[in-house]
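So the structure is just underneath, and the comments pick up after that.
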Amino acid sequence: MATKKVWLPQDIYQIKVTLRYTRPPIWRRLLVPSGFTLEDLHSVVQAAMDWDDSHLHEFRVGPKRFGKSHPSDWLVGPSPVATERTAHLFTVLGKVGRKALYSYDFGDSWEHAIVVEKVLPPEPGVAYPICVGGKLQGPPEDCGGIPGYYNLLEAIGDLQHPEHEDLLDWVGGEFDPEAFSVEDVNRRLAPLQRWWAKTQK
């Protein structure tokens, strides 16, 4: 029996994602279908910031929290965290100016400010989601959050720093904090673009 196709709006949200407490700011500008869920947006941000999705995460939209549900949640009663799998962007971030906080890796506490800048019609022939701008390389995973990241930059930039060699080895021999490429982000987004295109047929 054929499954009924769920209606989803075709709007595209222009979203800016900024890694909080970075100076100058590390940010990405993304065009994301409004039919995406917060779970899908998680995957988009992971690709945009070049994270590897190896840690827990959570969204906050106003007073509400969204994340992955855990099988054991029912043992302790109703979860304070709503599922991200069914929270579509058009229902939780449906207006220009709407904001969310996306937290990734509760140990390092990477906090991303998300804001809807524009609501746009889809452009024919454009594969979504897509990155259209940004600045600076995202920090390496597991570097100790914002304080650890800036310590890392100081150490690898100073030949006399006592941790210079160790931390340079740890990042694989080189790390350019200025490096950013829209093309690189869109290569990482390509699987999501193909998946979304299939769902729209």
Side-chain angles (χ1 to χ4, degrees), residues 1-19 26-61 64-71 73 79 81-105 110 112-134 137-138 141 179-201:
M1 185 176 184
T3 56
K4 187 177 178 182
K5 190 170 182 179
V6 177
W7 176 86
L8 294 172
Q10 297 301 303
D11 295 329
I12 301 299
Y13 290 174
Q14 179 176 300
I15 292 174
K16 187 175 183 183
V17 179
T18 305
L19 186 57
I26 298 171
W27 61 273
R28 306 288 182 262
R29 181 164 285 119
L30 306 157
L31 302 181
V32 182
S34 62
F36 265 35
T37 64
L38 288 176
E39 182 178 53
D40 302 327
L41 183 59
H42 158 69
S43 298
V44 172
V45 177
Q46 287 286 307
M49 301 303 288
D50 203 12
W51 301 122
D52 64 17
D53 197 8
S54 58
H55 300 282
L56 296 173
H57 68 275
E58 179 180 277
F59 289 91
R60 285 182 184 264
V61 184
K64 290 189 174 181
R65 296 164 56 201
F66 298 86
K68 284 192 182 296
S69 56
H70 192 275
D73 285 349
S79 173
V81 180
T83 180
E84 64 185 12
R85 295 189 71 189
T86 54
H88 290 92
L89 300 190
F90 68 89
T91 63
V92 293
L93 293 173
K95 295 179 183 176
V96 171
R98 287 300 300 269
K99 297 178 180 178
L101 181 69
Y102 168 73
S103 300
Y104 172 63
D105 184 351
W110 302 111
H112 306 71
I114 295 174
V115 61
V116 178
E117 295 183 315
K118 295 179 183 178
V119 178
L120 305 165
E123 286 190 39
V126 175
Y128 298 102
I130 188 170
C131 179
V132 294
Q137 173 98 309
E141 293 268 1
F180 170 74
S181 163
V182 165
E183 292 76 19
D184 285 347
V185 174
N186 286 326
R187 273 193 289 274
R188 294 193 294 269
L189 287 172
L192 279 169
Q193 293 170 353
R194 290 191 291 270
W195 165 78
W196 182 247
K198 284 181 185 175
T199 70
Q200 300 308 290
K201 290 179 180 175

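Just so it is clear, the structure is predicted and the values come from calculations on it, not from any experiment.
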Open item on the list: Among Glu58, His42, Arg60, His112, which residue satisfies the side-chain hydrogen bond (donor to acceptor under 3.5 Å, both in side chains) criterion with Tyr102?
Closed with: His42
- [ ] Report the C-alpha separation of Ile114 and Leu41 in whole Å, then their side-chain angles, then the decisive distance to 0.1 Å, and conclude whether the side chain to side chain contact (heavy atoms under 4.5 Å, CB included) test is met.
- [x] CA-CA 10 Å; Ile114 295 174; Leu41 183 59; 4.2 Å; yes
Task: For Glu117, salt bridge (Lys or Arg N to Asp or Glu O under 4.0 Å) partners two or more places apart - done: Arg29
Open item on the list: To the closest 0.5 Å, what do you measure between CD1 (Ile130) and CG (Asn186)?
Closed with: 4.5 Å
Open item on the list: For a 4.5 angstrom cut-off between non-hydrogen side-chain atoms, does Gln46 reach Ser43?
Closed with: no
Task: Asp184 side chain reached by Asp50 side chain, heavy atoms, under 4.5 Å - done: no
TODO: Assign the ring pair Trp196 / Phe36 to parallel, tilted or perpendicular, where the plane angle (0 to 90°) is split at 30° and 60°.
DONE: perpendicular
Task: Derivation and outcome, side chain to side chain contact (heavy atoms under 4.5 Å, CB included), residues Leu19 and Trp27 - done: CA-CA 6 Å; Leu19 186 57; Trp27 61 273; over 6 Å; no
Task: Criterion side chain to side chain contact (heavy atoms under 4.5 Å, CB included) on Arg98 and Val61, from CA distance to verdict - done: CA-CA 9 Å; Arg98 287 300 300 269; Val61 184; 3.5 Å; yes
- [ ] Among Val115, Val32, Val116, find the residue that satisfies the side chain to side chain contact (heavy atoms under 4.5 Å, CB included) test when tested with Leu93.
- [x] Val116
Task: Student check: side-chain heavy atoms of Ile26 and Met49 closer than 4.5 Å - done: yes
TODO: Would you tell me whether His55 and Tyr104 have side-chain atoms, one donor and one acceptor, within less than 3.5 Å of each other?
DONE: no
Task: Interatomic spacing from OH in Tyr128 to CD in Gln193 - rounded to 0.5 Å - done: 10.5 Å
- [ ] Could you check if a side-chain atom of Thr83 sits within less than 4.5 angstrom of a side-chain atom of Phe66, using non-hydrogen atoms only?
- [x] no
Open item on the list: Between Ser34 (side chain only) and Asp11 (backbone N and O only), is there a donor and an acceptor less than 3.5 Å apart?
Closed with: yes
Task: Sub-4.5 Å side-chain heavy-atom contact between Pro129 and Leu30 - done: no
TODO: Search all heavy atoms of Pro122 against all heavy atoms of Gln10 and return the closest pair with its distance.
DONE: CD-O, 3.3 Å
Task: Closest heavy-atom pair and its distance - Val185, Ala47 - done: CG1-O, 4.4 Å
Task: Side-chain heavy atoms of Cys131 within contact of Phe180, under 4.5 Å - done: yes
Task: Atom of Ala87, atom of Val92 and distance for their closest heavy-atom approach - done: CB-CG1, 4.3 Å
Task: Pairs touching residues 37-49 that satisfy salt bridge (charged side-chain N to carboxylate O under 4.0 Å, His left out), sequence neighbours left out - done: Glu39-Lys68, Glu39-Arg85
TODO: Kindly compute the distance separating CZ (Phe90) from NZ (Lys95), expressed to the nearest 0.5 Å.
DONE: 14.5 Å
Open item on the list: Between His57 and Glu84, is there a side-chain donor-acceptor contact under 3.5 Å, judged purely by atom types and distance?
Closed with: yes
TODO: Quick one: closest heavy-atom pair of Phe59 and Leu38, and the distance?
DONE: CE1-O, 3.2 Å
- [ ] Please name the pair of heavy atoms, one in Glu141 and one in Ser54, separated by the smallest distance, quoted to 0.1 Å.
- [x] OE1-OG, 4.0 Å
